[in-house]
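Each chain gets a letter, A, B and so on, in the order the sequences are listed, and its residues count up from 1. Basis for what follows: all heavy atoms, side chains included, without hydrogens, waters or symmetry-related copies. From a predicted model like this one, the values you see are computed outputs, not experimental measurements.
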There are 2 protein chains.
Amino acid sequence: MADDPSGPVDEYGIPIIPDPSDAAQRKRQAIIDAALAEFLREGYSAASMDAITSRSGVSKATIYKHFGNKERLFLAVVGGILPTTYNDLKPFNSTIATAPDLRAALITLTLDWTRILLRPDIMSLRRLVIGEIDRFPQLGQLWYRVSYDMNNGPLIEAFTELSERGVLDAPDPALAVQQLVATTVGVPQLVRTFRPEAELDDAELTRQITSGVDLFLARYAA
Amino acid sequence: MADDPSGPVDEYGIPIIPDPSDAAQRKRQAIIDAALAEFLREGYSAASMDAITSRSGVSKATIYKHFGNKERLFLAVVGGILPTTYNDLKPFNSTIATAPDLRAALITLTLDWTRILLRPDIMSLRRLVIGEIDRFPQLGQLWYRVSYDMNNGPLIEAFTELSERGVLDAPDPALAVQQLVATTVGVPQLVRTFRPEAELDDAELTRQITSGVDLFLARYAA
DNA sequence: GTCTATAAAGTGATAGAC
DNA sequence: GTCTATCACTTTATAGAC
């Protein structure tokens with residue numbers, strides 16, 4: 001019988017030949033995962049292609065076949081993870097314009113945003129992008145655009161609608177959104193940017209965010 | 001006559017022998033200047049000691065005699081420039097508690113701060129520190145402490161006094177200062193952090209800062 | 001203290017076999 | 001597409017002369 005196991009077989013004994021492009025896709029993903037971990041740990045310059053090679057389990061030549069060079073790998077990996085990261089923030093936007101209790105809705109929204117954006121992995125990614133902006137200005141533009149599309153943009157629309165309905169008095173909704181984000185998310189985020197290990201229990205975080213929303217409403221509630 | 005110019009002489013023809021420790025001090029300063037420029041351009045890892053050597057005009061061995069290794073050089077250079085940089089912000093603090101027109105004083109203060117902190121060299125330094133925080137947590141702590149001592153600290157004192165006199169209603173002066181900074185300096189600074197080349201004319205900057213101060217006073221003016 | 005010259009290790013990238 | 005083996009170069013750091 002010619003059933004020596006020279007490879008994986010299915011339930012009928014038929015060899016499973018992985019779709020070549022499928023295997024390539026999995027290797028590509030393994031490279032991306034390894035590269036992201038390495039870039040986050042070491043930054044762009046100190047990250048070595050050798051280290052990414054051993055982390056990923058594929059050969060260095062394969063990495064170069066897929067991504068060309070180190071710069072393109074970096075852009076592909078970081079540029080690819082950015083929208084994914086910010087996607088977590090999207091579900092919270094839609095309820096603002098129709099919320100019965102605007103204050104409670106704003107607190108919930110900004111508190112959720114803050115909890116996500118303070119996550120250590122997202123903070124590390126943020127520091128990495130900021131530190132490499134002179135070398136990769138595209139990433140700064142991308143970060144800005146993504147955070148605008150996913151967060152500020154929808155909120156501006158909601159504030160515009162709320163102003164028309166007389167609930168808010170925000171003649172410049174775009175600036176109002178920037179200010180709301182600054183007084184809420186911005187406060188703990190600034191601390192964590194420079195002191196990643198700074199303690200911040202949930203009660204204190206809630207207090208800061210609530211105070212920021214109240215500050216915002218003291219000026220903008222109609 | 002034994003006046004062959006084998007070295008610089010003073011007005012009497014007496015050779016000027018530079019104080020050895022003085023020459024060393026000047027070389028040390030040349031190294032620091034060259035290193036700062038190189039680190040700002042390239043970041044920590046990509047900056048090469050060779051490049052710093054040729055920029056500074058001294059030999060590589062001299063740099064190592066002075067600073068030991070690359071990490072210590074980086075810490076000495078960046079840690080040394082931080083207080084110097086933030087010193088520019090100090091003169092503006094003292095007048096707040098006694099200002100006849102608090103709104104105007106706050107606008108002047110935050111506008112001056114913002115103009116300084118948005119300077120390209122300071123923004124680059126900030127990006128450098130943020131990007132290297134995993135490697136050099138001390139710099140994050142230092143940045144935080146320096147900006148606290150030079151800015152927030154004095155303002156907190158002023159707000160405390162103004163609250164006691166009934167001019168402000170700020171039960172938590174430390175948080176109020178964080179919020180004021182966030183709604184003023186923080187708004188354009190966040191944009192410039194990710195988009196160094198973003199245009200921002202002075203009229204628009206003034207509008208943002210003024211709006212931030214008015215937001216602050218809507219909640220905290222007694 | 002300062003220099004020149006060099007050591008020892010690591011870098012990004014590629015040629016050629018399969 | 002993927003691998004092994006290797007190239008050409010740069011890196012940080014130091015030894016030894018002055």
Taking N or O atoms only and anything under 3.5 Å, show me the protein contacts with nucleotides 10-12 of chain D, one pair per line.
| residue | atom | partner | partner atom | Å |
| --- | --- | --- | --- | --- |
| dT12(D) | OP1 | Ala47(B) | O | 3.0 |
| dT12(D) | OP1 | Lys70(B) | NZ | 2.9 |
| dT12(D) | OP2 | Met49(B) | N | 2.9 |

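In this structure Thr206(B) satisfies the side-chain contact (heavy atoms from CB on, under 4.5 Å) test together with Leu111(B), Arg115(B), Asp202(B), Thr210(B), sequence neighbours excluded. Listed by chain and number, the residues in a salt bridge (Lys or Arg N to Asp or Glu O under 4.0 Å) with Arg207(A) are Glu204(A), Asp172(B) (sequence neighbours excluded). Residues satisfying the side-chain contact (heavy atoms from CB on, under 4.5 Å) test with Leu190(B), not counting sequence neighbours, are Arg126(A), Phe194(B).
One can place CD1 of Ile63(B) at 14 Å from C1' of dG1(C), the figure rounded to the nearest angstrom. Going from atom CD1 of Ile52(B) over to atom P of dA13(D) covers 11 Å, rounded to whole Å. Straight-line distance from the CZ atom of Phe74(A) to the P atom of dT11(C): 17 Å, rounded to whole Å. Put simply, CD1 on Ile31(A) is 10 Å from C1' on dT2(D), counting in whole angstrom units. Note: CD (Gln25(A)) to C1' (dG1(D)) measures 13 Å, nearest angstrom.
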Distance-only donor-acceptor pairs under 3.5 Å for side chains of residues 29-37 of chain A, two or more places apart:
| residue | atom | partner | partner atom | Å |
| --- | --- | --- | --- | --- |
| Gln29(A) | NE2 | Asp33(A) | OD1 | 3.1 |

Distance-only check: which donor-acceptor pairs under 3.5 Å involve side-chain atoms of residues 147-156 of chain B, not counting sequence neighbours?
| residue | atom | partner | partner atom | Å |
| --- | --- | --- | --- | --- |
| Ser147(B) | OG | Trp143(B) | O | 3.3 |
| Ser147(B) | OG | Tyr144(B) | O | 3.2 |

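Relative to the side chain of His66(B), the nucleotides dT2(D), dT2(C), dT14(D) differ in distance, and dT2(C) lies closest.
Between Phe136(B) and Tyr44(B), the angle of the ring planes goes over 60°, which puts this pair in the perpendicular group of the 30/60° scheme.
For Ser59(A) and dT2(D), the shortest distance from a side-chain N or O to OP1 or OP2 is not below 4.0 Å.
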